[in-house]
There are 2 protein chains.
Amino acid sequence: MSLADVEPVETLSRPALAVELTDRLRTLIMEGELKPGEKIPERLLTERFGVSRTPVREAVKVLAAEGLVMLVQNRGAVVSELTVAELEEVFPVLAALEGLVGELAALHATTQEIDDIRRLNNEMHRAFDRGDRPNYFEINQQIHAAMLAAARNPTLAQHHQIVARRASRARYQANLTPERWAEAMEEHDAIQRAFEARESKKLGALMKAHMEHKLRSLAPAIAAKSGGG
Amino acid sequence: MSLADVEPVETLSRPALAVELTDRLRTLIMEGELKPGEKIPERLLTERFGVSRTPVREAVKVLAAEGLVMLVQNRGAVVSELTVAELEEVFPVLAALEGLVGELAALHATTQEIDDIRRLNNEMHRAFDRGDRPNYFEINQQIHAAMLAAARNPTLAQHHQIVARRASRARYQANLTPERWAEAMEEHDAIQRAFEARESKKLGALMKAHMEHKLRSLAPAIAAKSGGG
DNA sequence: CAATTGGATTATGAATTCATTATTCGTGTC
DNA sequence: GACACGAATAATGAATTCATAATCCAATTG
């Protein structure tokens, strides 16, 4: 094997600052360190990350395109709000995309992938039985990610990610009632069954409905939080 | 009425160069003046629009986030390709979103809007009878836009637009066979009926299927074009 | 004392300059 | 003559500088 056959190594050249910044800024917003409604002066970011304004501005533009921040002419960037109205706007879109994830995953997943997801599903059941919420959420995320990968559609993945990021800030905050949790587990099982049977349309419909139910259980909690303080 | 009650006028301050540039660049790509695979050196754009590289770079970053161009480290921007594989990736996403447009439009449209769209549908029929393709496409677009507006969901509108733009470059190129055209008209009528009955789920399913059929009629034509030259 | 106005300050928008990475082209060697 | 090496050129990445709009604050006026 000659050196000419070796794939170019990306690791040698570190990613562009703008890309790096976009990721880190996104994380700051996602983890709530930058809160909805908060203004983000460029100076703050240049100091925090030790870079000039140029890459900062490029990163902010991208985040604006993703809907995580709002840009106002000559007044800079503000972290997007997360009102109930916003959620009711975002979740149906996420549900529609989730439905497609299911349809495509049923068509394109390898048996290996279906197996892996079954294992995750079992693990999630054990977390549920223990009442271990952090672990449940963690595995839940993994299942979604695995499904998305199995769908084999980068465009879908991209848009799903962008919408999911906007929604997930709420998902982490909101509390899960025992009733809704049990319901969700049943839905997950039905999803897994359709998946293993490769019933594309059915799986799509189930996953779409699952996400819609999630909104319905979340909205009141968010509304209470906004109203209460 | 005092001056304090007057809404601030946006027209006085012209939009930021970066925004303006983003729109115009997008148009150039959409209309095919910048072709898929073509490199877009920054210098070219600064000369064409008479601005510095700073706003150009910001605009390109946004277009990359939208998927219209690809960015390669230290090698600039390239107009995204439009292969059959790409189309088969983009269309299902568009179909899923289109389905949601239907569901929501059925729920939220005013009777006025339904009426307007019925009129457009009738007009489209006349264009079909005349065999007037440009007019047919034009009205078709208007119907889609009206449906999107009736859905009352800005997030959906945003993602729909982004995905539709990627797809539409193909849509204009491809030729419509008489058979497919007649079929499409029937689908449109079914869509209109479900719309007027406000059958949300059914309308969603019909619009999703309509888009999926469109892909199936387009893909061979695109494949032939790619293969032939 | 409240409200408005004008200047000072600060932030963003855009252009320019500097640094680093690709690309091109010519030379030399096998 | 083909390939490899290296200097010259041109592109992009990032920082700095300049211009302009928004905000803040004090002074003035009713």
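Within every chain, numbering begins at 1; the chains are lettered A, B, ... in the order of the sequence lines, protein sequences first and strands thereafter.
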Donor-acceptor pair, side chain of B:Glu113 and main chain of B:Thr110, under 3.5 angstrom | yes

In whole angstroms, the gap separating P of D:dT12 from CG of B:Leu71 amounts to 11 Å

Compare every heavy atom of B:Glu33 with every heavy atom of B:Glu38, then report the nearest pair and how far apart it is.
-> OE1-O, 4.1 Å

Distance, rounded to the nearest Å, where B:Leu17 contributes CG and D:dA19 contributes C1' = 13 Å

Would one find a side-chain N or O of A:Arg57 under 4.0 angstrom from OP1 or OP2 of C:dG13?
-> yes

When the aromatic ring centroids of A:His160 and A:His144 are compared, is their separation below 6.0 Å?
-> no

Between B:Arg119 and B:Glu123, is the closest basic N to carboxylate O distance under 4.0 Å?
-> no

Enumerate, in order of first residue number, the stems that involve DNA chain C, defined as 3 or more consecutive Watson-Crick or G-U wobble pairs with both distances under 3.5 Å.
-> C:1-30 with D:1-30

Rounded to whole Å, the CD-C1' distance (B:Glu47 to D:dA11) equals 13 Å

Pair B:Arg26-B:Asp23, side-chain contact (heavy atoms from CB on, under 4.5 Å): steps then yes or no = CA-CA 5 Å; B:Arg26 203 173 10 229; B:Asp23 290 343; 2.7 Å; yes

DNA chain C: 5'-proximal contact among A:Thr54 and A:Arg75 (nearest heavy atom) = A:Arg75

From CG of A:Leu44 across to P of C:dT12 the rounded distance in Å is 10 Å

Could you state the NZ-C1' distance from B:Lys61 to D:dA14, rounded to the nearest angstrom?
-> 11 Å

In whole angstrom, give the distance that lies between atom CZ of A:Arg43 and atom P of C:dT9.
-> 16 Å

Would you mind telling me which residue lines up with the more 5' stretch of DNA chain C, B:Arg53 or A:Pro41, judged by nearest nucleotide?
-> A:Pro41

Take atom CD of A:Glu58 and atom P of D:dA15, then tell me their distance rounded to the nearest Å.
-> 10 Å

A:Pro55 side chain, from C-beta outward: closest of C:dT16, D:dA15, C:dT21 = D:dA15

Residues two or more places apart in sequence or in another chain: which of them pass ring-ring contact (aromatic ring centres under 6.0 Å, His included) with A:His159?
-> B:His159

Nearest-nucleotide comparison on DNA chain D, the residue closer to the 5′ end among A:Gly50 and B:Gly76 = B:Gly76

What do you reckon, is CZ of B:Arg152 surrounded by more than 12 foreign heavy atoms closer than 6.0 Å?
-> yes

Closest to the A:Ser52 side chain: D:dA22, C:dA14, D:dT16?
-> D:dT16

In whole angstroms, how far is the P atom of D:dA15 from the CZ atom of A:Phe49?
-> 13 Å

